Structure formats: structure tokens, C-alpha cells
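These notes concern the structure reproduced below.
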Amino acid sequence: MDSIRITGGVPLRGTIAISGAKNAALPLMTCGLLTDERLVLSNVAKLADLATMAALLAQHGIAVEPSGRTLSLGGHITNTLAPYDIVRKMRASILVLGPLLARRREARVSLPGGCAIGTRPVDLHLKGLEAMGAVIKLDAGYIEATAPTGLHGAQIVFPFVSVGATENLLMAAALADGTTTLKNAAREPEIIDLCACLLAMGANIEGVGTDTLTIHGVKSLHGAQHAILPDRIETGTYACAAAITGGKVFLEGARAADLGAVLSSLREAGVVITEEPNGFWVERANGLHGVDAVTEPFPGFPTDMQAQFMALMAVAEGASMITETIFENRFMHVPELNRMGARINAHGSSAIIRGVKKLTGAPVMATDLRASFSLVLAALAAEGETTISRVYHLDRGYEAVEQKLAACGARIERIG
Ligand SMILES: CC(=O)N[C@H]1[C@@H](OP(=O)(O)OP(=O)(O)OC[C@H]2O[C@@H](n3ccc(=O)[nH]c3=O)[C@H](O)[C@@H]2O)O[C@H](CO)[C@@H](O)[C@@H]1O
Ligand SMILES: C=C(OP(=O)(O)O)C(=O)O
């Protein structure tokens with residue numbers, strides 16, 4: 001199992017090119033199930049999660065052909081089973097459910113189960129599909145779904161915001177009979193990207209970018225080309241890397257508009273952000289101050305940036321409080337950061353971080369994707385050497401981490 005070794009203390013300087021967003025690419029790839037024509041996605045990152053989605057689509061009959069940073073998806077659905085062996089590797093596999101039901105009126109999809117950050121039920125996905133006419137049973141760990149007379153339009157009001165349920169129901173509604181309204185829908189940039197691709201495929205959607213999406217179902221969708229938006233979480237993560245090392249980095253291709261809450265928090269902490277037409281500079285010349293943050297659905301502070309921001313706050317002057325409202329168990333990085341000398345107390349959904357003058361290198365273990373990067377950040381700032389084990393978590397969602405950081409001066413290497 002691979003580990004990463006980092007010798008800290010080098011202020012990062014240079015340019016980091018931001019890759020296409022993992023969390024946009026995953027639902028966009030499942031759009032390949034919505035048409036028999038070719039769907040071409042560009043600006044696709046090379047990530048383990050996208051390889052998992054390609055394997056899942058392949059066994060549904062959709063071939064995914066890579067060429068450079070482009071994926072070409074095509075084929076007919078030959079199989080509506082999403083097996084446990086693939087779904088257990090990646091929860092976003094649940095996103096095949098809506099498209100399979102819409103196209104084939106049946107699907108058998110393994111229940112994803114919980115993961116390190118929380119229980120993560122899929123009840124909103126299932127209730128929404130039921131409102132659209134699906135009949136759903138749970139059988140031996142699988143969701144058995146049929147829509148004997150096809151899916152029809154429905155009025156769905158989400159009790160709270162869910163990115164995945166919004167995506168699943170959007171895709172199902174695009175091909176349903178009649179009009180579907182999704183109220184309290186997620187407004188994340190990845191949802192807007194999904195809508196843009198569906199519109200290019202011939203879908204009829206109103207309210208894009210708002211919390212009410214109205215989808216007028218169409219009989220069929222056609223092929224399209226779509227360029228995936230830059231990864232806002234990768235962007236925010238490297239912004240924290242520049243800040244925690246006291247360096248200056250240009251994030252090429254990054255979209256500041258997708259990171260409003262994160263950039264406000266960084267600025268409040270003393271980080272200088274300078275926007276350019278094709279990205280932005282992140283610089284920290286002076287000290288960092290503790291800043292509070294509460295995770296919320298977009299446009300609030302993203303839960304996927306919580307661990308990385310906590311690593312930054314660990315070396316800020318003064319105390320800060322970070323509250324996690326989206327997932328019930330997303331503080332797995334706290335004991336690992338404390339092993340590196342951080343002073344963080346987590347109680348329930350909040351963590352108090354008392355900034356320290358320096359962190360010290362230590363052997364630490366990655367527990368999930370973003371927690372892994374919080375350890376990379378702490379290691380980049382720490383005195384001495386840190387070895388992070390279980391970095392396969394990192395490879396799920398960060399492309400070429402060592403190359404991107406090393407190009408800015410970081411002393412980082414992967415060891416077997
Ligand atoms: C592949 C992908 O895009 N993953 C992102 C997506 O995950 P994902 O789509 O799984 O997250 P959701 O927005 O659905 O989850 C939000 C909250 O709702 C709960 N919930 C969700 C669905 C449901 O049917 N029932 C239910 O109770 C979840 O357990 C969680 O507490 O959005 C999260 C919140 O921004 C991000 O952290 C993930 O990186
Ligand atoms: C939690 C994440 O992903 P997933 O929903 O695929 O687990 C993430 O990207 O931070």
C-alpha cells in the first residue's frame with residue numbers, strides 16, 4: 001500500500017494547474033446511460049473514482065474510451081445491475097439508479113452503505129423516484145427498483161439539501177413523462193454543470209442555478225460534447241497549501257466565483273487572493289489569524305474543504321471554531337493532526353482549534369479523501385518528516401498530487 005513522505009518547511013512557489021472536477025465528472029459520466037448516442041466529456045482528470053465509474057458503466061454496456069483528457073462514452077444498456085463489488089468502492093455509484101430506471105424501467109443497485117465520514121443514507125433518492133412512479137424494494141442489500149409504466153413527473157420538496165439526490169432525480173426527470181419540480185434542490189456548481197450537459201443533450205430544464213428546478217421530460221436525449229468545470233475543492237485545497245507554507249501560488253484555470261465562502265474565510269485569515277482572468281494568486285506574506293467556519297450547502301462553506309481549512313487553522317494565531325453540519329463523523333483527521341502537534345478538541349459537530357506556532361512531522365494515517373489532504377497540508381508546514389499511509393484515499397480525488405506540489409518546491413515523494 002502506497003505512502004507519501006513529505007519533508008516540510010518549504011514555502012510553495014509557482015503555478016498549479018487545476019484539474020476537472022471529480023464531483024462533476026461522476027454524474028456527467030452517468031449521463032452516458034441516458035442516450036444511445038456518443039457523449040464526449042473533456043477536461044477529465046485522471047482519478048481512481050472516475051476509473052471506478054468507468055468500470056461500472058462498462059458492465060452496464062456503456063464503453064468509456066479515454067483519449068488524453070477526454071472521455072468518449074457510447075453504447076447500449078445491456079445490464080441494469082450495479083453490483084456490490086463496485087458500489088462499495090464509491091458511493092456515487094448510486095447515481096446510475098435514476099438514469100437506469102428512466103431508460104430501462106428497472107434497476108438493481110447495491111445499497112452503498114456508510115463510510116468513514118457518516119452513515120449517508122439514500123432515502124431522498126428513493127422517495128423521489130417513488131414519487132415519480134417507481135416501485136422500490138430492498139432485497140439482500142440491493143435496491144430493487146422498477147417503473148412498470150415508466151417514470152412520470154412529480155413535485156418533490158427535499159426536506160434538506162442533497163447533492164446526489166438532486167442529481168439522480170434531475171437525470172431521471174429529464175426522460176420522465178411530464179414535468180418534475182425539485183424544490184430545495186442543491187445549487188452546487190457541479191449541479192449547474194450537470195444541467196448544462198443535460199441541456200446540450202436536449203433536456204428541458206428551467207431554474208438552473210436556483211433551488212427550484214423545473215424539468216419538462218423529453219422522449220429521448222441525444223449525444224453532446226461537454227467540458228467539465230474546474231475542481232473547486234482541489235482549488236481550495238491548493239489555496240490552503242500556499243497559505244499554510246507562507247508561499248505564493250497561481251492556481252491556473254481556477255474559478256474564484258465557485259469558491260466564494262472559502263476565499264472569504266482565507267482573506268479573513270490574512271491570505272491575499274488576487275484574481276486574474278485565467279485563475280488567481282494565493283499569497284501569505286504575514287501571519288494567519290484564527291477564523292470560524294460552519295459547513296453548509298453551496299454557497300456556504302463546503303464540507304469538502306473542512307479538513308483542509310482545519311489544518312490551516314491549526315497554525316493560525318488565536319483560536320477558531322469549525323462546525324460540521326453536513327456529515328456526522330467528519331473529524332477523523334483531528335487525532336492525526338494532534339499527533340503532529342496541533343491543539344484541536346472536537347465535541348459533537350464542533351471543533352475548537354487553538355493555533356500552535358509549529359507542527360512536527362510524524363507518521364500518520366489517511367482515513368478519507370479530504371482528511372488525507374489535511375495531513376498533506378500539515379506535513380508541508382511541519383518541521384521534519386511526515387509519512388502518510390493509506391494514500392489510496394488521496395488518489396480517489398486528487399490528480400498528480402506529488403507532481404503538482406513538487407513543481408512548486410515541495411519535498412514530497414511516494415513510497416511503496
Ligand atoms: C460525488 C459527490 O458529489 N460527492 C459529494 C456529495 O455527496 P452526496 O451527494 O452523497 O451528499 P449529499 O448532499 O447527498 O449529503 C448531504 C447530507 O444529506 C444526507 N442524505 C443524503 C441523501 C439522502 O438520501 N439522505 C440523506 O440523509 C447525507 O447523509 C448528508 O448528511 O455532496 C456532499 C455534500 O456537499 C460532498 O461532501 C460530496 O463530496
Ligand atoms: C466525500 C467526497 O466524495 P464522495 O461523496 O464520493 O465520498 C468528497 O469528494 O470529498
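Order of listing sets the numbers, starting from 1, for every ligand and every atom in it. These numbers come from the heavy atoms of this one structure, side chains and all, not from hydrogens, waters or symmetry mates. Worth saying up front: this structure is predicted, and the values here are computed from it rather than measured.
- Results of the side-chain hydrogen bond (donor to acceptor under 3.5 Å, both in side chains) test with T80 over H60, E106, R103 single out E106 as the only residue that passes.
- The shortest N/O to N/O separation between F160 and ligand 1 does not fall below 3.5 Å.
- Each of the following atoms of ligand 1 lies closer than 4.0 Å to a heavy atom of G164: 9 (O), 14 (O).
- For the pair E188 and ligand 1, the shortest N or O to N or O distance does not fall below 3.5 Å.
- With respect to D395 and R414, a salt bridge is recorded, a charged nitrogen being found less than 4.0 Å from a carboxylate O.
- Scanning the protein heavy atoms around atom 25 (N) of ligand 1, the nearest turns out to be D123 OD1, 2.6 Å.
- The existence of a salt bridge linking R187 and D211 is excluded, since no basic side-chain nitrogen approaches an acidic carboxylate oxygen closer than 4.0 Å.
- For the residue pair T179 and H216, a side-chain donor N or O sits within less than 3.5 Å of a side-chain acceptor on the partner.
- No side-chain N or O of S3 forms a donor-acceptor pair with one of S389 less than 3.5 Å apart.
- Between Y238 and Y398, the ring-plane angle classifies as perpendicular under the 30° and 60° cut-offs.
- Every atom of ligand 1 with a heavy atom of T303 under 4.0 Å away is listed here by number and element: 34 (C), 35 (O), 37 (O).
- A distance limit of 4.0 angstrom between heavy atoms and ligand 2 selects the residues K22, N23, I117, R120, D304, R330, L369, R370, R396.
- Protein heavy atom at the shortest distance from atom 23 (C) of ligand 1 is P121 O, 3.0 Å.
- The contact set between ligand 1 and L124, taken as ligand atoms under 4.0 Å from a residue heavy atom, comprises 23 (C), 24 (O), 25 (N).
- With hydrogens and angles left out, the side-chain atoms of S19 and E399 include a donor and acceptor closer than 3.5 Å.
- In terms of heavy-atom proximity, A254 sits nearest to T235 at CB-CG2, 3.4 Å.
- Contact check for M332 versus N329: side-chain heavy atoms found under the 4.5 Å cut-off.
- The heavy atom nearest to atom 7 (O) of ligand 1, considering only M53, R120, M90, is found in R120.
- In terms of heavy-atom proximity, L229 sits nearest to P189 at CD1-CB, 3.7 Å.
- Note: no N/O pair closer than 3.5 Å links K22 and ligand 1 by distance alone.
- For A165, the closest heavy-atom approach to ligand 1 does not fall below 4.0 Å.
- Side chains of E65 and S72: a donor-acceptor N/O pair is absent below 3.5 angstrom, by distance only.
- Proximity annotation for atom 31 (O) of ligand 1: of T119, I326, V122, I326 comes nearest, heavy atoms only.
- Other residues, nucleotides and ligands contribute more than 12 heavy atoms inside 6.0 Å of the CG atom of N184.
- Taking distance alone, with nitrogen or oxygen atoms compared against 3.5 Å, A92 stays at or beyond that limit from ligand 1.
- In terms of protein heavy atoms, atom 37 (O) of ligand 1 is closest to D304 OD1, 2.5 Å.
- Remark: Y84 OH is loosely packed, at most 12 non-hydrogen atoms of other residues, nucleotides or ligands lying under 6.0 Å away.
- Atom 11 (O) of ligand 1 has its closest protein heavy atom at F327 CZ, 4.1 Å.
- With respect to atom 1 (C) of ligand 1, the closest heavy atom belonging to the protein is N23 OD1, 3.3 Å.
- Taking any N or O of S162, backbone or side chain, at least one lies under 3.5 Å from an N or O belonging to ligand 1.
- Where the criterion is an N or O separation shorter than 3.5 Å, residue side chain and backbone included, E328 fails it with respect to ligand 1.
- Minimum heavy-atom separation, Q59 to P83: NE2-CD, 3.6 Å.
- For ligand 1 and H125, the ligand atoms under 4.0 Å from any heavy atom of the residue are 24 (O).
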Salt bridge (charged side-chain N to carboxylate O under 4.0 Å, His left out), that's the test. Do R330 and D304 meet it? Break it down for me. CA-CA 10 Å; R330 211 171 192 183; D304 292 350; 2.7 Å; yes
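- Counting atoms of ligand 1 from 1 in the listed order, those under 4.0 Å from a heavy atom of V163 are 6 (C), 9 (O), 12 (P), 13 (O), 14 (O), 32 (O), 35 (O).
- If you number the atoms of ligand 1 from 1 as listed, the ones under 4.0 Å from a heavy atom of R330 come out as 37 (O).
- Checked against I143 for a side-chain contact (heavy atoms from CB on, under 4.5 Å), the options V87, I136, L129 give a single hit: I136.
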